[in-house]
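Here the structure is laid out as structure tokens; the discussion comes afterwards.
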2 protein chains.
Amino acid sequence: MTDGVAERSRPRDRILETAQDMFHKHGIKGVGVDAITEAAGTNKMTLYRHFESKDDLVIECLRATAAKASRIWDEFEARHPGDKLAQLHAWVQKASELLSADSRGCDMANAAVELTETDHPARRVIKELKEAQREKLVALCRDAGIGQAELLADTLSLLLEGARVSMQSVGAEGPSAQFVRMAESLIASFRAR
Amino acid sequence: MTDGVAERSRPRDRILETAQDMFHKHGIKGVGVDAITEAAGTNKMTLYRHFESKDDLVIECLRATAAKASRIWDEFEARHPGDKLAQLHAWVQKASELLSADSRGCDMANAAVELTETDHPARRVIKELKEAQREKLVALCRDAGIGQAELLADTLSLLLEGARVSMQSVGAEGPSAQFVRMAESLIASFRAR
DNA sequence: CTAGGGTGTTACCGGTCTGTAACTTTCAGA
DNA sequence: TCTGAAAGTTACAGACCGGTAACACCCTAG
């Protein structure tokens, strides 16, 4: 009920959406499949008809999350067509907005923290998706005309990742509050080189 | 057996040390009290005679971890007495060494990710300890003669936190590989202001 | 109207989890 | 040597977990 997302769509979609939301809020090990199916307005058997296992469901959720993030990047291109530097600033702005709106951080990073078994099937998916996101940010920095594009992209990545996890430890008033300021002055200093 | 740390000391100490190690490696929800006591060469009843609950044990482990970190800071002062700038560089160096030696990141941050209940007793302890660490780093930056000490300290914090979580998602060859370079050029640019 | 696939329901399996009760063993200090 | 506290042992309670079996239902495509 608390997490109910029971609009009338097909069970598989409802399960996927509900699971994403609940994994995000309560963690992967903090949510059982029974709770997911109940919140999705269906039942366990239907879940297991559409997903091989809970691990499989987790992986599909991560892919869905990454797809959502990808759509945000499309927005940048749509809003500032061809202007890569403006898109980079939009990335900073959007990251900051998401930080303010939600304090549970990045699903992929959180999953990596929770799923400690080195051979867990989700781990290679996490790595894949994170590497793809890194490539995107590096490309954006390079196309924005920045010399040391990889270094800037990696620094921005660490800052954002750090801000998201810091929020979960000390809250929004901690170091993460200065994210935009840090990111912008970083971009400025890279552009000046 | 795998995690056995069964030197002959008092059971409480063995439990605490073993639990720290196992929580760190496998996560909090990934380890049961039975496994801890077995690895510590004792039994469940003894654990519950020394700790009120698993949550209580978790809190004691976090405090022990913070105490260990505190001892590292004492090393900085011992090795570079009075020279705060040298201590700041030592901090960067040490952080990098710990990143290379261990890929499971910060126990407190990991615990914050795992323990999602907002009223979990460990959460206020995590916040306390993290805030104390922040104070220390701010003071170090200030005493090293840096103008915007808070901003530098917070930026370094986010970079390190990000590096630790990034290692868990994409491994040591990802963005975290550039941590020292990022931190040092950051310090240099703050000193130049 | 009918066949059949998608869905819902109920019950269950074997395992794991935190936490406790009751009892026995060990061992150091008086 | 005796005593008393700390530690070990065994068994268990009660809950929850992921996953499956068997069966009833509904609803749409032909």
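Values in this document were obtained by computation on a predicted structure and should not be read as measured data. Below, chain A is the first sequence line, B the second, and so on; all start at residue 1.
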- Could you tell me the separation between the NZ atom of B:K44 and the P atom of C:dT18, rounded to a whole number of Å? 8 Å
- Whole Å only: how far is the CZ atom of A:F23 from the C1' atom of D:dG18? 12 Å
- Which nucleotide sits closest to the side chain of A:T46: C:dT18, D:dG18, C:dG8? C:dG8
- Message: Is the terminal nitrogen or CZ of B:R193 (NZ for Lys, CZ for Arg) located under 6.0 angstrom from the six-membered ring centre of B:F190 and within 45° of that ring's axis?
- Response: yes
- Quick one: B:H50 NE2 to D:dG8 P, roughly how many Å, whole number? 8 Å
- Message: I want to check one thing: is the phosphate of C:dT7, taken as OP1 and OP2, less than 4.0 Å away from some side-chain N or O of A:T42?
- Response: no
- Task: Return the 5'-most residue of the pair A:Y48, B:P11 with respect to DNA chain D, ranking by each residue's nearest nucleotide.
- Result: B:P11
- Take the protein atom CG of B:D34 and the nucleotide atom C1' of D:dA11, then report the distance between them rounded to whole Å. 13 Å
- Item | Rounded distance in Å - CE (A:M45) to P (C:dA11) | 16 Å
- Per nearest nucleotide of DNA chain D, the residue lying toward the 5' end, A:S53 or B:R12, is B:R12
- Against the side chain of B:R49, the closest entry in D:dG19, C:dG19, C:dA22 is C:dA22
- Task: Would you kindly give the CG-to-C1' distance between A:D13 and C:dG6, to the nearest whole Å?
- Result: 14 Å
- Does the D:dG19 base have a donor-acceptor partner in the side chain of A:K54 within less than 3.5 Å? no
- Task: Check whether any side-chain N or O of B:Q87 sits under 3.5 Å from a backbone N or O of B:H80 as a donor-acceptor pair, and report yes or no.
- Result: yes
- How close or far is atom P of C:dG19 from atom CG of B:L47, stated in whole angstroms? 9 Å
- Could you tell me whether B:D119 and B:R123 have a side-chain N and a carboxylate O separated by less than 4.0 Å? no
- Message: Check this for me: does any side-chain nitrogen of one of B:R142 and B:E150 sit under 4.0 Å from a carboxylate oxygen of the other?
- Response: yes
- Report the distance from atom CE of B:M22 to atom P of C:dC17, rounded to the nearest whole Å. 10 Å
- Message: Tell me whether A:K84 is salt-bridged to A:E77, with the criterion being a basic N under 4.0 Å from an acidic carboxylate O.
- Response: yes
